[in-house]
Participant: 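Quick one: this structure, given as structure tokens, is what I'll be asking you about.
Positions are given from 1 along the sequence. Keep in mind that the numbers below use all heavy atoms, side chains included, and drop hydrogens, waters and symmetry copies.
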Amino acid sequence: MIRASRNLAHNLLSTWQSVSATQIAGIKVFPEPPKYGDIEVPERPKLKIMEKVPQFPSSMRPPKMQKRLRYMRGPEEIHNFLMYKQFGIIATKGGRMKHGHFEMVRLTISRKIDQKRMFAIWRIPAPWQPITKKGQGQRMGGGKGAIDSYVTPVKAGRVIIEVGGKCEFFEVKKTLTQIANQLPFEAKAITQEMMDEEAAEEKWLEENNQHLWTWKYMIQNNMLGCHKWISPFDKWWFNKHR
């Protein structure tokens with residue numbers, strides 16, 4: 001038994017010595033780095049600190065305001081595109097941004113992006129709409145309450161911030177998605193290519209839709225007397241925005 005095991009070990013050793021292995025380095029092919037070309041960079045590449053309270057003249061009393069929910073209802077018709085044609089965050093539903101949300105966005109962007117080759121700009125103004133609130137335990141009446149804070153109303157389709165520079169979308173996607181999930185309304189990270197694809201898809205669906213009973217057709221023709229029971233906002237935007 002011992003002799004057989006020795007013979008087996010001797011045979012294995014002689015076989016191993018007869019095999020010659022030559023180390024060969026593999027060839028790795030990496031993709032060509034993207035060519036950014038001429039990228040327009042704003043004068044201020046960092047997000048500025050937004051004022052918590054708007055500045056009024058010393059002789060002027062800060063005005064109060066009603067709720068004016070129309071400021072955050074419906075689609076955004078002006079600031080709904082990317083000026084630098086790269087990346088950003090866009091609101092999918094309306095809402096209000098407080099000063100704390102501005103600071104959250106600014107601090108997250110300043111920590112996560114490389115400011116030597118990237119930039120970020122605001123696309124919304126500082127908080128300007130006053131929100132009043134009465135103290136706890138007060139009775140009804142007595143006039144409008146004191147100003148508690150200031151907010152910025154945002155409509156659906158409004159661009160919140162833009163990010164760009166010499167970078168790809170995968171570098172900033174996680175950061176932009178994290179910020180969008182922490183906003184007080186529904187928002188998403190988006191690129192110029194995604195916006196073009198969504199616009200083209202919406203146009204194609206509108207042109208090739210063979211179904212006659214669309215929301216627009218039913219509301220315009222007052223089908224089933226819907227003008228008596230639907231919201232006036234549905235009459236304006238055909239059930240797209242609430």
Participant: In a check of side-chain contact (heavy atoms from CB on, under 4.5 Å) between Phe233 and each of Arg70, His241, Arg73, which one passes?
Facilitator: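 It is Arg73; the other options fail the test.
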Participant: What is the minimum heavy-atom distance between Pro130 and Pro63, and which atoms define it?
Facilitator: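 Looks like CG-O, 3.5 Å.
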Participant: Side chains of residues 94-102: which donor-acceptor partners sit under 3.5 Å, not counting sequence neighbours?
Facilitator:
residue: Arg96; atom: NH2; partner: Lys67; partner atom: O; Å: 3.2
residue: His99; atom: NE2; partner: Met50; partner atom: O; Å: 3.1
residue: His101; atom: ND1; partner: Lys98; partner atom: N; Å: 3.0

Participant: Does Phe169 have any ring-ring contact (aromatic ring centres under 6.0 Å, His included) partners at least two apart in sequence or in another chain, and if so, which?
Facilitator: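 Phe169 satisfies ring-ring contact (aromatic ring centres under 6.0 Å, His included) with Phe87 once adjacent residues are dropped.
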Participant: Taking atom CG of Leu212 as the centre, does the number of heavy atoms from other residues, nucleotides or ligands within less than 6.0 Å exceed 12?
Facilitator: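 Buried by this count: over 12 neighbours within 6.0 Å.
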Participant: May I have all residue pairs that pass salt bridge (charged side-chain N to carboxylate O under 4.0 Å, His left out) and include part of residues 116-134, sequence neighbours excluded?
Facilitator: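 Listed by first then second residue: Asp114-Arg117, Arg117-Glu171, Arg123-Glu162.
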Participant: Output the distance between atom CD1 (Ile160) and atom CD1 (Ile121), rounded to the nearest 0.5 Å.
Facilitator: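 Going from CD1 on Ile160 over to CD1 on Ile121, the span is 12.5 Å.
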Participant: Using the rule that Ile, Leu, Val, Met, Phe, Trp and Tyr join whenever any side-chain heavy atoms are under 4.5 Å apart, tell me whether Met72 and Leu183 fall into a single cluster.
Facilitator: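 No.
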Participant: To the nearest 0.5 angstrom, please state how far the CD1 atom of Ile219 sits from the CG atom of Asn239.
Facilitator: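 Atom-to-atom, Ile219:CD1 and Asn239:CG are 6.5 Å apart.
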Participant: Taking side-chain hydrogen bond (donor to acceptor under 3.5 Å, both in side chains) as the test, write out the residues that go with Glu103, two or more places apart.
Facilitator: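 Testing Glu103 for side-chain hydrogen bond (donor to acceptor under 3.5 Å, both in side chains), a comparison that skips the adjacent residues, returns Arg106.
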Participant: Under 3.5 Å, side chain of Glu168 to main-chain N/O of Phe170, donor-acceptor pair present?
Facilitator: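 Such a contact is absent between Glu168 side chain and Phe170 backbone.
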Participant: Restricting to side-chain hydrogen bond (donor to acceptor under 3.5 Å, both in side chains), what partner residues turn up for Glu186, sequence neighbours left out?
Facilitator: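 side-chain hydrogen bond (donor to acceptor under 3.5 Å, both in side chains) list for Glu186, sorted by chain: empty.
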Participant: Starting from the C-alpha separation in whole Å, work towards a yes-or-no answer on side-chain contact (heavy atoms from CB on, under 4.5 Å) for Ile190 and Met195.
Facilitator: CA-CA 7 Å; Ile190 201 165; Met195 295 184 70; 3.2 Å; yes
Participant: With a cut-off of 3.5 Å and sequence neighbours excluded, list every side-chain donor-acceptor pair involving residues 198-207.
Facilitator:
residue: Glu198; atom: OE2; partner: Lys188; partner atom: NZ; Å: 2.8
residue: Glu202; atom: OE2; partner: Lys240; partner atom: NZ; Å: 3.3

Participant: Mind checking salt bridge (Lys or Arg N to Asp or Glu O under 4.0 Å) for Asp196 and listing every partner two or more places apart, or none if nothing turns up?
Facilitator: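 For Asp196 there are no salt bridge (Lys or Arg N to Asp or Glu O under 4.0 Å) partners, ignoring immediate neighbours.
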Participant: Would you give the length of the straight line joining atom CD1 of Ile49 to atom OG of Ser110, rounded to the nearest 0.5 angstrom?
Facilitator: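 Reported to 0.5 Å precision, the distance equals 9.5 Å.
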Participant: Same cluster or not: are Val163 and Phe81 linked, directly or through other Ile, Leu, Val, Met, Phe, Trp or Tyr residues, by side-chain heavy atoms under 4.5 angstrom apart?
Facilitator: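 Hydrophobic grouping puts Val163 apart from Phe81.
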Participant: Considering all heavy atoms of both residues, which atom of Ile109 and which atom of Ala120 are nearest to each other, and what is their separation?
Facilitator: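 Scanning both residues, the minimum pair turns out to be CG2-CB, 3.8 Å.
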Participant: Are Ile113 and Leu176 in one and the same hydrophobic cluster, where Ile, Leu, Val, Met, Phe, Trp and Tyr link if side-chain heavy atoms are under 4.5 Å apart?
Facilitator: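 Linked within one cluster.
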Participant: Is it the case that one hydrophobic cluster holds both Tyr84 and Met194, taking links as side-chain heavy atoms less than 4.5 Å apart, direct or via other members?
Facilitator: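 Not linked; separate clusters.
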Participant: Check for me, please, whether Trp215 and Trp229 land in the same ILVMFWY cluster - side-chain distances under 4.5 Å, paths through other members count.
Facilitator: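 Cluster IDs for Trp215 and Trp229 match.
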Participant: Do side-chain atoms of Lys166 reach the backbone of Tyr36 as a donor and acceptor pair under 3.5 angstrom?
Facilitator: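 Not a single qualifying donor-acceptor pair exists.
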Participant: Among residues at least two apart in sequence or on other chains, which ones pass side-chain hydrogen bond (donor to acceptor under 3.5 Å, both in side chains) with Lys48?
Facilitator: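 With sequence neighbours excluded, Lys48 shows a side-chain hydrogen bond (donor to acceptor under 3.5 Å, both in side chains) to no residue whatsoever.
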Participant: Would you tabulate the side-chain donor-acceptor contacts of residues 138-154 under 3.5 Å, counting partners in other chains and residues two or more places apart, or write 'none'?
Facilitator:
residue: Lys144; atom: NZ; partner: Thr132; partner atom: OG1; Å: 3.4
residue: Thr152; atom: OG1; partner: Pro125; partner atom: O; Å: 3.2
residue: Thr152; atom: OG1; partner: Ala126; partner atom: O; Å: 3.2

Participant: Contact between Val105 and Trp122 at the side-chain level, heavy atoms closer than 4.5 Å - yes or no?
Facilitator: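 Side chain of Val105 against side chain of Trp122, heavy atoms only: contact under 4.5 Å found.
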Participant: Any chance you could measure Thr191, atom OG1, to Glu197, atom CD, to the nearest 0.5 Å?
Facilitator: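 Those atoms lie 7.5 Å apart.
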Participant: Can you tell me how far CE of Met218 sits from CG of Asp234, rounded to the nearest 0.5 angstrom?
Facilitator: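 Reported value, rounded in 0.5 Å steps: 10.5 Å.
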Participant: Suppose we screen for side-chain hydrogen bond (donor to acceptor under 3.5 Å, both in side chains). Which residues come up paired with Gln182, at least two apart in sequence or across chains?
Facilitator: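 Applying side-chain hydrogen bond (donor to acceptor under 3.5 Å, both in side chains) to Gln182 gives none.
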Participant: For Ala189 and Thr177, which heavy atoms make the closest approach, and how far apart are they?
Facilitator: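 What the structure gives for the nearest pair is CB-OG1, 4.0 Å.
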Participant: To the closest 0.5 Å, what do you measure between CE (Met65) and CD1 (Ile131)?
Facilitator: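 So the gap between those two atoms works out to 9.0 Å.
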Participant: Could you tell me which non-hydrogen atom of Lys112 sits nearest to which non-hydrogen atom of Thr175, and how far apart they are?
Facilitator: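 Result for this residue pair: CB-OG1, 3.4 Å.
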Participant: What residues, two or more places apart in sequence or in another chain, satisfy ring-ring contact (aromatic ring centres under 6.0 Å, His included) together with Tyr217?
Facilitator: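 In terms of ring-ring contact (aromatic ring centres under 6.0 Å, His included), with neighbours along the sequence ignored, Tyr217 is linked to Trp213.
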Participant: Please check if atom NZ in Lys173 has more than 12 non-hydrogen atoms from other residues, nucleotides or ligands closer than 6.0 Å.
Facilitator: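 For Lys173, atom NZ is not crowded (no more than 12 foreign heavy atoms under 6.0 Å).
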Participant: Step through the shown structure and confirm whether more than 12 heavy atoms of other residues, nucleotides or ligands are within 6.0 Å of NZ on Lys235.
Facilitator: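 Above 12, so yes.
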Participant: Compare every heavy atom of Ala187 with every heavy atom of Ile89, then report the nearest pair and how far apart it is.
Facilitator: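 For Ile89 and Ala187, the tightest heavy-atom pair comes out as CG2-CB, 4.0 Å.
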Participant: Got a sec: does the CZ of Arg61 have more than 12 other heavy atoms crowding it under 6.0 Å?
Facilitator: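 Atom CZ in Arg61 is not packed in, count stays at 12 or less.
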Participant: Applying ring-ring contact (aromatic ring centres under 6.0 Å, His included), name anything that partners Tyr71, two or more places apart in sequence or on another chain.
Facilitator: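 Here the qualifying residues are Trp128.
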Participant: Determine whether Arg158 and Asn80 make a side-chain contact, defined as any pair of heavy atoms from C-beta on separated by less than 4.5 Å.
Facilitator: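 No, too far: nothing below the 4.5 Å cut-off.
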